[in-house]
Amino acid sequence: MRKLLFLLFISLISIGAFATHNRAGEITYRCVGGYSYEVTVTTYTKISSPADRCELVVYFGDGDSATLPRINGPLSPNCSPFRDGDDIPGTDIRKNIYVTPVPHPYPGPGEYDIYMCDPNRNSGIINIPNSVNQPFYIESLLV
């Protein structure tokens, strides 16, 4: 019984430790020639949260994905060789910018749903019931 209570306690602590992270985000892209695109993911996260991403996985909508490094802010001792993001003064918010290291080549014209998903959404969002338990998902449609 003691072991079960201990495991339950540890589980609840770990859920709380990673519960509030992503506050907002967007995906943008730009054509660099032909059907090749540079993709940028910008997120705004809670600074005091222990959940932080040095890299993010983005899905290009054509069956391919890539890991994007964070490119803004000072060099990070926690994310070496990546950066820490930029803290917004007077807030508990950090701006993070992730960019494809190499432009992504699409096979041809079409519609491609570029997206990313992270399990750690910010809590207390009024129009998303139980937001802390909902994944953070953003997408952009490339036509």
Side-chain angles (χ1 to χ4, degrees), residues 4-143:
L4 181 61
L5 287 174
F6 178 74
L7 287 174
L8 179 62
F9 177 73
I10 294 298
S11 297
L12 290 174
I13 288 175
S14 66
I15 289 170
F18 292 99
T20 56
H21 180 52
N22 289 293
R23 293 179 170 219
E26 68 178 350
I27 297 175
T28 57
Y29 52 82
R30 71 180 182 94
C31 182
V32 295
Y35 297 114
S36 292
Y37 286 81
E38 176 186 82
V39 175
T40 301
V41 177
T42 304
T43 64
Y44 296 86
T45 57
K46 185 174 181 177
I47 296 169
S48 60
S49 170
D52 194 24
R53 305 286 181 256
C54 305
E55 303 172 297
L56 287 179
V57 175
V58 67
Y59 299 87
F60 296 110
D62 62 355
D64 201 5
S65 64
T67 302
L68 282 54
R70 183 168 41 201
I71 63 160
N72 67 314
L75 287 175
S76 172
N78 302 322
C79 293
S80 184
F82 306 117
R83 298 189 173 270
D84 256 345
D86 292 315
D87 296 351
I88 299 173
T91 70
D92 191 18
I93 300 171
R94 174 176 292 146
K95 181 179 181 179
N96 307 285
I97 301 172
Y98 306 87
V99 177
T100 47
V102 175
H104 179 71
Y106 283 93
E111 291 186 4
Y112 301 98
D113 189 18
I114 306 167
Y115 67 94
M116 67 79 61
C117 187
D118 189 287
N120 298 316
R121 178 188 291 276
N122 199 47
S123 66
I125 299 173
I126 295 170
N127 63 343
I128 301 177
N130 199 20
S131 64
V132 73
N133 291 318
Q134 304 299 320
F136 178 75
Y137 175 88
I138 53 177
E139 70 181 19
S140 188
L141 183 63
L142 170 63
V143 180

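Note that these values count all heavy atoms, side chains included, but never hydrogens, waters or copies made by symmetry.
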Novice: So, does Ser140 use its side chain to make a donor-acceptor pair with the main chain of Ile114 at under 3.5 Å?
Specialist: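 It does not hold such a pair.
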Novice: Specify the closest pair of heavy atoms between Tyr137 and Asp113, including all atoms of both residues, with the distance to one decimal.
Specialist: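 Distance-wise, the nearest heavy atoms are OH-OD2, 3.7 Å.
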Novice: Going by heavy atoms in the side chains, are Tyr35 and Pro109 under 4.5 Å from each other?
Specialist: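 Tyr35 vs Pro109: side chains touch.
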Novice: Here's a test for you: under side-chain contact (heavy atoms from CB on, under 4.5 Å), which of Thr91, Asp92, Asn96 qualifies with Arg94?
Specialist: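 Exactly one candidate clears the test, Asn96.
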Novice: Can a donor-acceptor pair be found, under 3.5 Å and without considering hydrogens, that links the side chain of Asp62 to the backbone of Tyr106?
Specialist: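 No: the side chain of Asp62 does not pair with the backbone of Tyr106.
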Novice: How close do Arg70 and Phe82 get, counting heavy atoms only, and between which atoms?
Specialist: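 Of all heavy-atom pairs spanning Arg70 and Phe82, the closest is O-CB, 4.1 Å.
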Novice: How far apart are the closest heavy atoms of Pro77 and Asp84, and which atoms are they?
Specialist: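 Residues Pro77 and Asp84, closest heavy atoms: CD-OD2, 4.2 Å.
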Novice: Can you tell me how the ring of His104 sits relative to the ring of Phe60, calling it parallel under 30°, perpendicular over 60° and tilted otherwise?
Specialist: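 His104 vs Phe60 ring planes: parallel.
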Novice: What pair of heavy atoms forms the shortest contact from Ser36 to Pro103, and how long is it?
Specialist: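 Distance-wise, the nearest heavy atoms are CB-CB, 4.2 Å.
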Novice: For the pair Tyr98 (side chain) and Arg53 (backbone), establish whether a donor and an acceptor sit closer than 3.5 Å, ignoring hydrogens and angles.
Specialist: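 Pair found, side chain donor or acceptor close to backbone of Arg53.
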Novice: Might you point out which heavy atoms bring Val57 and Ser65 nearest each other, and give the distance in Å?
Specialist: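 Heavy atoms only, the tightest pair is CG1-CB, 4.2 Å.
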Novice: Starting at OG1 of Thr28, measure out to CD1 of Ile97 and round the result to the nearest 0.5 Å.
Specialist: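 Result: 9.0 Å between the selected atoms.
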Novice: May I ask you to decide if Asn72's main-chain N or O and Arg83's side chain share a donor-acceptor pair within less than 3.5 Å?
Specialist: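 Looks like no, no N/O pair under 3.5 Å.
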Novice: Measure the OG1-CD1 distance between Thr45 and Ile93 for me, rounded to the nearest 0.5 Å.
Specialist: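 Between Thr45 OG1 and Ile93 CD1, I get 9.0 Å after rounding to 0.5 Å.
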Novice: Which heavy atom of Ala66 sits nearest a heavy atom of Leu68, and at what distance?
Specialist: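 It is O-CD1, 3.5 Å.
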Novice: Quick check for you: to the nearest 0.5 Å, what is the distance between Thr100 atom OG1 and Ile71 atom CD1?
Specialist: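 The CD1 atom of Ile71 is 9.5 Å from OG1 of Thr100, to the nearest 0.5 Å.
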Novice: Quick one: OH on Tyr29 to CD on Glu38, what's the gap to the nearest 0.5 Å?
Specialist: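 The CD atom of Glu38 is 13.5 Å from OH of Tyr29, to the nearest 0.5 Å.
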Novice: Check the pair Val39 / Leu142 against side chain to side chain contact (heavy atoms under 4.5 Å, CB included), numbers first and verdict last.
Specialist: CA-CA 10 Å; Val39 175; Leu142 170 63; over 6 Å; no
